[in-house]
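Report on the structure given below.
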Number of protein chains: 2
Amino acid sequence: MRKGEETRTRILDVAEAAVLQKGFGGTSIEELIAETGITKSGFFYHFRDKNELAKALLNRYIENDERIYDEIFGRARDLVDDPLQSFLLGLKLLSELLSDLPNGHPGCLVATVCYYERLFDREIQETNRNAVLAWRRRFGRMLREIMAVYPPREPVDVDQLADMVSSVLEGGIVLSKTLKEPNTLAEQVLMLRTFVKMLFLPVAEMPRA
Amino acid sequence: MRKGEETRTRILDVAEAAVLQKGFGGTSIEELIAETGITKSGFFYHFRDKNELAKALLNRYIENDERIYDEIFGRARDLVDDPLQSFLLGLKLLSELLSDLPNGHPGCLVATVCYYERLFDREIQETNRNAVLAWRRRFGRMLREIMAVYPPREPVDVDQLADMVSSVLEGGIVLSKTLKEPNTLAEQVLMLRTFVKMLFLPVAEMPRA
DNA sequence: TCCCCTCCTGTACCGGCGGTACAGTTTTCA
DNA sequence: TGAAAACTGTACCGCCGGTACAGGAGGGGA
């Protein structure tokens, strides 16, 4: 049981890196087995077909993603009491984490799946959809706490604002990868932070001169 | 010359729709020739290989994209003198255009290429990079005009703010497609508009009661 | 009218890949 | 030590990207 899990994980590791660079259609099973040093039969022992691999890959990615957000915003919550300051700190920590990635963000599997949708079954599409909805709920929850204390300077829909976090992350990844500027993603998160700050923080000071 | 261009365009039309739904790796040449009613030899008469098709596809997409932005923000410029109000109107018009798309936004080729990078040659990657840089310059130009009149409420880097427009668009497309909620993209653009408004517009009124 | 160029069609072929089938072997752990 | 788990090896299928090349329809200019 133990050994099997290890091999499975190794396949998933190799597959994830490949898929994020070349998409699902561009990643061949043959190259995966070559890199993991397993045989074709061995691969199909673990995954019935490519769709099954995609399913496992996506689920693992989403779980890991959730864990990272839990940790970052959980830490921010522990350090600061105020919901707004805590959220702003969370975005700061997230931005730091992203700018510490040595080769930039490798890409988001949710986006990859989104741009390959037609070749996946309904289950994967639903999983992907639910992942995005989970982001909406997560950030929405925090934003609602903020709104209970700070009235927004402009009228905004909470869900749409929560989606903005996801948008900037997904879009920032695309920009960062395309430009080959690893730091762009981190900067975009800080830009979003500025937006949130401005939206909720009471006018602090008068413009000088 | 006329007939050839027409066939070429038909291939590109079919290919674009397919690629946006299934990615490059997931789109087979055989299905393209089946749908356009051309033979395999006919296809390879127009495009040397898949890479050549991708190149043509991407260039056409980028040109069309630029034309749309030229038109929208050009119209906004004609209607309103003030650079800030003009930009805000442009975002409004863009949001309306996006929410009028019957089946939602079909997807962005730049993002598709970004998530398939490793299987393309340097030329395509450079083209893609330049497209994103062109967005940065485009929105940067408008934002600089705004900043010459309106001091931003918070210190922001112009290029990063310009990138925010691209981020929200790219991210909004991913969200919209994944959620199968066509309107999410338009809402995200309006959210961005709120941000820009808040950043540059002087405090308009006191919060009531 | 003839010829040439553009724009294709038809046919045959290659190797890689996803996937299947299944028999046999090694490794692990209770 | 024995059964289950975790593989290997081999053979095969059909689709796909790509190559090669011969030939043909149709229009436009000399």
Atom [atom1] of [X] to atom [atom2] of [N]: distance rounded to whole Å?
X     : N      : atom1 : atom2 : answer
B:F47 : D:dT19 : CZ    : C1'   : 18 Å
B:F44 : C:dT6  : CZ    : P     : 21 Å
A:I38 : C:dT27 : CD1   : C1'   : 14 Å
A:K50 : C:dG19 : NZ    : P     : 7 Å
B:D49 : C:dC14 : CG    : C1'   : 17 Å
B:E6  : C:dC8  : CD    : C1'   : 13 Å
B:I11 : C:dT9  : CD1   : C1'   : 14 Å
B:E5  : C:dT6  : CD    : C1'   : 12 Å

Taking OP1 and OP2 of [N], is either one under 4.0 Å from a side-chain nitrogen or oxygen of [X]?
X     : N      : result
A:S41 : D:dT10 : no
B:H46 : C:dC8  : yes
B:Y45 : C:dC8  : no

*Which residues within residues 14-37 of chain A lie with some heavy atom under 4.0 Å of an atom in DNA chain D?*
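Output list: empty, so none.
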*Heavy atoms only: give me the nearest A:A131-A:I62 pair and the separation to one decimal.*
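What the structure gives for the nearest pair is CB-CD1, 3.5 Å.
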*Heavy atoms only: give me the nearest A:Y116-B:G26 pair and the separation to one decimal.*
CE1-CA, 3.8 Å
*Out of curiosity, A:F139 CZ to A:M142 CE, how far, rounded to the nearest 0.5 Å?*
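Reported value, rounded in 0.5 Å steps: 5.5 Å.
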*asked:* Rounded to the nearest 0.5 Å, what separates atom CD in A:E66 from atom OH in A:Y61?
replied: 11.0 Å
*asked:* Within the 3.5 Å criterion, strictly below it, is a donor on B:E154 or A:T194 matched to an acceptor on the partner's side chain?
replied: no
*Pair B:D82-B:Y150, side-chain donor/acceptor within less than 3.5 Å*: yes
*How are the rings of A:F87 and A:F73 set relative to one another: parallel (under 30°), tilted (30 to 60°) or perpendicular (over 60°)?*
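Judged by the thresholds at 30° and 60°, the geometry between A:F87 and A:F73 is parallel.
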*Map B:F43 and A:K40 onto DNA chain C by nearest heavy atom, then report which one ends up closer to the 5' terminus.*
B:F43
